[in-house]
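The structure appears below as structure tokens.
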Amino acid sequence: MTLNWTDVEKKWRSKWEENKDFETNPNDKPKKFITVAYPYPNSPQHIGHGRTYTLADVHARFYRMKGFNVLFPMGFHYTGTPVLGMAKRIEAGEKEILDGLRNIYHVPEDAIKTFVEPIKIADYFHEEIKSGMIEMGYSIDWRREFTTIVPGYQKFIEWQITTLKEKGRIIQGSHPVGWCPVDQNPVSQHDTMGDVEPKIDDKNFLIKFKLGDSIFPITTLRPETIFGITNLWVNPNTIYKKVSVDGEEWIVSEECAKKISFFEKKVEITGEIPGSEIIGKTATNHDGREILVLPAEFVEPSMGTGLVMSVPAHAPKDYQALRDLKAKGHELASKLEPIPIITTEGYGSIPAKEICEKMGVSDQSDDKLEEATKELYLKEFTDGKLNDKCLQFDGEKVQFGREKIRTWLQENGHLEKFPVLENAPVRCRCGAECVVKVLNNQWFLNYGDEEWKGLARNCLDEMNILPNNIKTEFVEVIDWLHERACARQQGLGTKLPWDKDWIVESLSDSVIYMAYYTISRFVNDGSVTPENLTKEFFDYILLDKGDVSLAVSTSKLSEDVINSIKKEFTYFYPVDSRHSGRDLVQNHLSFFVLNHVAIFEKNLWPQEIVVNGSVMMDGAKMSKSMGNIIPLRSAIKEHGADPIRLAIISSAELLQDADFNMESVSGIQSKLESLLESCSSLKKTEMSNLKAEDTWILSKTQSKISEITEALEKMRLREALHDILFTFESDLSWYAKRTGAKGRHDISGILHQINSARVAMLSPFAPHIAEEMWEKLGNTEMVSKSKWPEYSPDKVDAASICAEELLKNTIDDISNIIKVTKITPKKIVIYVNSDETKSKIYSKMLSIMVGGQNNMGVVMKELIADPNTAGAKKMPDFVQKTIKDLHSESEDIKKMKLEAENFDEKEFLKSELSSMGQKEFGVEIKVYSENDVDIYDPKGKARHARPFKPAILIE
RNA sequence: GCGGGAGUCGCCCAGCCUGGUCAAAGGCGUAGGGCUUAGGACCCUAUCUCUUAGGAGUUCGUGGGUUCAAAUCCCACCUCCCGCACCA
């Protein structure tokens with residue numbers, strides 16, 4: 001059968017739409033509010049994006065069938081800078097990006113033409129992504145859709161950020177950013193050539209020495225080494241500048257002067273001085289010590305200030321440079337000796353000397369010095385301890401002492417921050433080389449605040465995090481989170497209400513917006529305009545602050561409207577489940593928690609977070625450059641939405657990276673098609689006169705329902721889907737074997753019943769094809785509106801499960817014997833236990849062992865203690881073997897056996913084994929009881945029979 | 001460095017949370033058989049070692065420990081992967 005997936009999917013999508021099935025308003029039913037992080041529309045969505053949304057949609061559809069009033073909304077995140085960069089590149093006619101748009105994303109030419117305007121890019125991909133979501137069959141309430149730059153949303157964000165500020169969560173301070181001196185703008189990854197993220201090293205500092213009346217600053221990553229300083233280095237070939245910095249006179253390289261000018265300082269070059277002139281002078285240390293300035297050619301004017309301090313005991317370069325001078329007979333240098341300040345296991349008193357000698361460094365231009373420096377730096381950082389030269393820091397480990405010395409120097413005015421670009425040179429798209437700029441008026445969310453963190457931890461403790469093992473990661477993130485810039489100077493978004501130069505940063509305007517879904521419906525249908533959305537309005541609706549009359553008077557809305565919005569919010573909030581990719585744990589998801597606890601009362605804090613891994617394509621990471629991105633919509637066109645949904649879900653458990661490949665899609669496709677075919681042939685019929693295998697398969701169906709439901713509740717979708725699609729199959733094939741052996745033709749009704757449950761459970765995963773199957777099964781209502789199959793324990797027939805188990809095991813045993821003995825059976829005889837004592841002991845043992853007890857001694861003791869089973873004493877061999885039998889059986893089966901006490905092995909095997917035996921082994925199978933009078937037992941096997949373990953004779 | 005995750009029978013991968021159902025699911029590969037003129041697709045069977053009666057032995061990165069019982073819990077070690085920010 002070849003199925004036209006597109007047609008089937010269209011058919012059912014339009015029915016859902018007609019019936020407004022996914023438009024959710026408050027009602028009397030319990031609710032679930034399920035949300036996913038909205039997309040940033042700068043490209044079409046691919047399979048990878050599809051994963052999070054599909055998981056959430058399955059979740060939503062599942063709860064809908066479970067009887068909840070489920071709200072699943074969607075918005076679009078326009079906030080941010082990427083489309084700005086794209087527009088620039090498109091305007092500049094960059095081939096790379098245009099090729100990508102044309103060949104990978106297949107954007108029509110006339111659309112590309114409009115892309116010089118950033119919003120047009122977002123608009124285009126917004127529609128593209130939305131169409132994809134609809135085609136995937138996501139059960140979204142589109143009436144609530146918005147973008148983050150519409151006026152209503154902006155009102156909401158203004159309220160949010162104002163509320164945070166009022167609550168003291170926002171502070172101002174200085175912050176270094178990557179900066180383009182030509183564009184006068186901060187640069188991010190999207191603004192640079194080669195898409196490199198400018199990395200800023202904020203742990204770099206300069207230490208101020210005095211040289212006469214001037215400040216003589218040197219930069220270092222190792223402030224603790226000031227105690228081991230012997231001299232300073234300047235490059236004799238460099239002309240240094242005299243610079244006035246905030247009124248102080250500094251001597252630095254020209255390159256350094258330029259850098260400092262971006263640090264929000266007043267910088268003016270007042271003169272110059274050749275390096276050679278400084279050599280031989282002395283500068284004063286933080287403690288007033290006189291330090292000699294010496295020449296060294298390794299000093300690069302472009303690094304730091306162009307001046308270097310010398311710590312020959314611990315810095316290989318310094319050691320070597322000093323040695324070189326001494327070798328040349330430099331008079332002043334010859335008096336200097338290294339001052340060790342760190343002791344490190346494995347090294348003697350002057351580690352730099354040791355490592356230079358060990359590596360055979362020839363002079364200060366030797367390349368080996370880099371390696372030596374690296375090795376020693378790391379070793380001293382991790383293992384080193386400061387010694388008594390370091391005053392009050394004596395005995396500190398380097399990694400902790402360094403921090404303390406840094407603060408100490410800073411407090412005494414000897415130290416200033418000197419952030420540098422770690423991965424320099426970084427070039428802006430305009431061609432200019434980027435610098436570090438310190439912004440003094442940056443706004444921060446003070447995530448470092450302990451009281452705030454406490455609230456967040458509180459929330460996490462009570463939240464359901466799926467999968468649970470990622471909870472520790474959240475705890476860690478909350479721990480190390482600190483101030484975070486919440487405003488930017490460029491990009492789309494909402495202006496800071498109190499400082500219009502700034503735009504609320506994109507990760508800060510996307511943290512509590514789920515609340516806005518409950519309002520956007522009213523904005524979208526025109527009953528509310530953005531102007532109505534005043535601070536008092538939001539306060540009343542969202543925080544229950546103030547009263548309705550205040551909200552009415554400022555918003556100019558009627559009390560009725562306000563109350564229905566409030567009812568809507570109160571009904572749907574809090575968020576019951578938030579879905580997102582694992583890459584957002586460190587930022588969005590954590591901020592989501594932090595902002596909720598900062599703004600809302602405890603009863604409105606989020607209930608659950610579901611985190612999923614990413615999607616790989618044929619085992620490789622998806623990337624534009626690899627060209628292995630498959631846009632979701634073209635995949636749907638080719639394979640159908642449902643096969644893709646299933647392929648994404650079935651390939652990995654939640655947190656794992658899912659490997660997507662086309663083979664699995666087509667495998668699933670044919671699986672679904674054959675299921676559809678079998679549904680078409682089944683009829684709903686009255687079932688009477690159930691046979692053993694019928695009660696068995698119906699019982700099995702019940703336990704499957706229970707397992708699948710539980711898996712879904714814990715979002716173990718892969719497992720659930722696997723059970724629906726495949727595990728069912730193995731039971732069904734046993735059933736087919738059994739009915740086939742009997743030549744039965746009356747099983748359509750039973751299969752109809754089983755497949756109805758299966759299709760219903762499949763429907764959240766593969767909604768379109770499940771509707772089709774449901775229809776073929778003869779239903780007139782839609783499956784998406786049907787009730788989730790309910791597990792009814794009373795429909796589980798323990799005896800039939802034990803019976804089939806016995807049958808399977810017996811057949812297995814027979815095959816096993818045949819295999820080992822290699823005999824061709826002419827006659828097979830089965831002897832069933834009929835000894836009352838053995839049966840009694842067996843059931844007693846079951847009750848003992850059901851809790852997990854399987855110690856021979858304990859079991860025996862209990863058996864003997866009971867007069868009914870005291871006979872066990874005389875048959876330790878039987879007890880031993882039975883323990884083994886039961887030991888290898890599942891807890892479930894043991895319980896079932898206990899329940900099915902009156903099960904008659906002989907009668908069952910007699911009636912069921914013959915058909916199966918004929919089919920499997922081609923011979924007749926005779927069944928006797930151990931104590932039958934007419935027994936045929938030439939080899940005396942019968943006495944070995946145990947309950948549920950008949951003895952076997954093969955001739 | 002800080003943090004997170006992983007190491008399973010030729011390969012991929014499930015099981016580990018909640019110890020006993022585990023010689024360990026499933027898929028691929030390989031071997032044999034069926035179907036076919038043949039091949040492909042498909043179906044069946046086998047696939048740690050030994051075993052002429054349903055059995056036994058040795059396995060889940062390495063080494064210890066807890067337990068009547070460990071792939072599963074605890075400790076140490078080795079190896080590999082990912083994130084470290086103002087970017088959506």
Side-chain angles (χ1 to χ4, degrees), chain A residues 37-43 77-83 175-178 186-191 195 197-200 202 378 381-382 399 439 442 444-445 447 467-470 472-477 479-488 491 505-508 510 582-588 590-591 613-614 619 621 650-653 655-657 659 663-664 667 714 718-719 722 726-727 730 809-823 849 851-859 884 886-894 939 941 944 949-954:
Chain A
Y38 47 25
Y40 183 78
N42 70 335
S43 62
H77 199 198
Y78 277 36
T79 313
T81 54
V83 287
H175 180 68
V177 294
V187 285
S188 60
Q189 189 176 344
H190 324 276
D191 309 311
D195 279 354
E197 176 78 35
K199 269 198 150 177
I200 293 164
D202 204 18
L378 192 65
F381 178 75
T382 51
Q399 49 181 313
L439 299 173
Q442 176 66 276
F444 293 94
L445 279 161
Y447 291 140
N468 197 256
N469 54 11
I470 201 155
T472 50
E473 200 169 323
F474 275 99
V475 173
E476 286 301 324
V477 172
D479 278 351
W480 63 251
L481 226 52
H482 54 86
E483 304 77 40
R484 184 180 177 103
C486 63
R488 304 204 43 156
E505 191 264 337
S506 56
L507 281 168
S508 302
S510 57
R582 89 171 294 173
D583 49 330
L584 298 188
V585 171
Q586 274 109 333
N587 42 55
H588 169 259
S590 294
F591 301 162
S614 61
K621 216 172 179 166
S650 71
S651 74
E653 219 43 91
L655 205 54
Q656 229 134 45
D657 287 345
D659 186 23
E663 291 97 275
S664 67
K714 294 187 175 156
R718 173 195 155 102
E719 191 183 311
H722 225 263
F726 303 107
T727 322
S730 66
N809 286 341
T810 307
I811 288 173
D812 279 353
D813 281 348
I814 295 171
S815 335
N816 221 334
I817 295 168
I818 292 172
K819 185 186 142 199
V820 174
T821 58
K822 299 191 180 80
I823 51 182
M849 288 178 69
Q853 176 60 258
N854 60 0
N855 182 295
M856 173 82 180
V858 176
V859 173
K884 260 197 156 166
L886 291 177
H887 171 69
S888 64
E889 262 167 13
S890 74
E891 227 23 40
D892 278 348
I893 289 289
K894 278 185 245 176
K939 293 205 172 157
K941 293 269 181 196
H944 295 298
K949 190 77 178 169
I952 297 164
L953 171 71
I954 300 175

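Proteins come first, then strands; the chains are lettered A, B, ... in the order of their sequence lines, and each starts at number 1.
- Counting any heavy atom pair closer than 4.0 Å across all strands shown, A:Ser510 reaches no nucleic acid atom.
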Dump the pairs, protein N or O against N or O of nucleotides 47-51 of chain B, anything under 3.5 Å, distances to one decimal.
none

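- Not a single side-chain hydrogen bond (donor to acceptor under 3.5 Å, both in side chains) links A:Thr810 to another residue, sequence neighbours left out.
- Here B:C86 presents its C1' atom at 8 Å from CG of A:Leu507, a figure rounded to the nearest Å.
- When distances run from any side-chain atom of A:Ala951 to the nucleotides B:G4, B:A88, B:G54, the shortest one goes to B:G54.
- Atom name C1', nucleotides B:A6 and B:G15: the rounded distance is 15 Å, in whole Å.
- Taking atom C1' in both B:U45 and B:U72, one finds a spacing of 32 Å when rounded to whole Å.
- The ring-ring contact (aromatic ring centres under 6.0 Å, His included) test applied to A:Tyr38 returns A:His77, A:Tyr513, not counting sequence neighbours.
- Between B:C81 and B:C87, the distance separating the two P atoms is 29 Å to the nearest Å.
- B:U21 and B:C35 have their P atoms separated by 41 Å, given to the nearest Å.
- Rounded to a whole angstrom, the distance from the P atom of B:G3 to that of B:A76 is 14 Å.
- At a threshold of 4.0 angstrom between heavy atoms, the contacts of A:Pro950 include nucleobase atoms, whether or not backbone atoms are also involved.
- Contact annotation: A:Thr81 side-chain N/O to B:A88 OP1/OP2 distance is under 4.0 Å.
- To the nearest whole angstrom, the two C1' atoms, one in B:A14 and one in B:A23, are 15 Å apart.
- Between B:A31 and B:G4, the two P atoms lie 47 Å apart (nearest whole Å).
- Across all strands shown, B:U47 pairs with B:G29; the Watson-Crick or G-U wobble distances both stay below 3.5 Å.
- In this structure A:Arg582 satisfies the side-chain hydrogen bond (donor to acceptor under 3.5 Å, both in side chains) test together with A:Glu473, sequence neighbours excluded.
- With sequence neighbours excluded, the residues that form a side chain to side chain contact (heavy atoms under 4.5 Å, CB included) with A:Gln442 are A:His175, A:Leu439, A:Phe444, A:Ala485, A:Ala487, A:Trp502.
- Looking at residues two or more places apart in sequence or on another chain, you find no salt bridge (Lys or Arg N to Asp or Glu O under 4.0 Å) involving A:Arg718.
- With a cut-off of 3.5 Å on both Watson-Crick or G-U wobble distances, the partner of B:C22 is given as none.
- With sequence neighbours left out, A:Lys949 forms a salt bridge (Lys or Arg N to Asp or Glu O under 4.0 Å) with A:Asp813.
- Side-chain N or O atoms of A:His588 include none that pairs as donor or acceptor with a backbone N or O of A:Ala37 at under 3.5 Å.
- Partner assigned to B:A69 is none, using Watson-Crick or G-U wobble distances below 3.5 angstrom.
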What pairs of nitrogen or oxygen atoms, one from the protein and one from nucleotides 12-18 of chain B, lie under 3.5 Å apart?
residue : atom : partner  : partner atom : Å
B:A14   : OP1  : A:Gln656 : OE1          : 2.5

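- In this structure a side-chain-to-backbone donor-acceptor pair under 3.5 Å is present from A:Ser590 to A:Val585.
- Here A:Ile818 lies out of heavy-atom contact (under 4.0 Å) with every strand.
- By the side-chain hydrogen bond (donor to acceptor under 3.5 Å, both in side chains) test, A:Tyr447 pairs with A:Asn595, sequence neighbours left out.
- Distances were taken from every side-chain heavy atom of A:Leu953 (C-beta onward) to each of B:G54, B:C86, B:A53; the shortest belongs to B:A53.
- The side chain of A:Arg582 lies closest to B:G4, out of B:G83, B:A88, B:G4.
- For A:His588 and B:C86, the NE2 to C1' distance is 15 Å, given to the nearest whole Å.
- Comparing the same atom, C1', in B:A53 and in B:U58 gives a spacing of 23 Å after rounding to whole Å.
- Rounded to the nearest 0.5 Å, atoms CG (A:Asn42) and OH (A:Tyr78) are 11.5 Å apart.
- The A:Arg488 side chain lies nearest to B:C87 when the options are B:C87, B:A53, B:G4.
- Distance CZ (A:Arg484) to P (B:C84): 11 Å, rounded to an integer number of Å.
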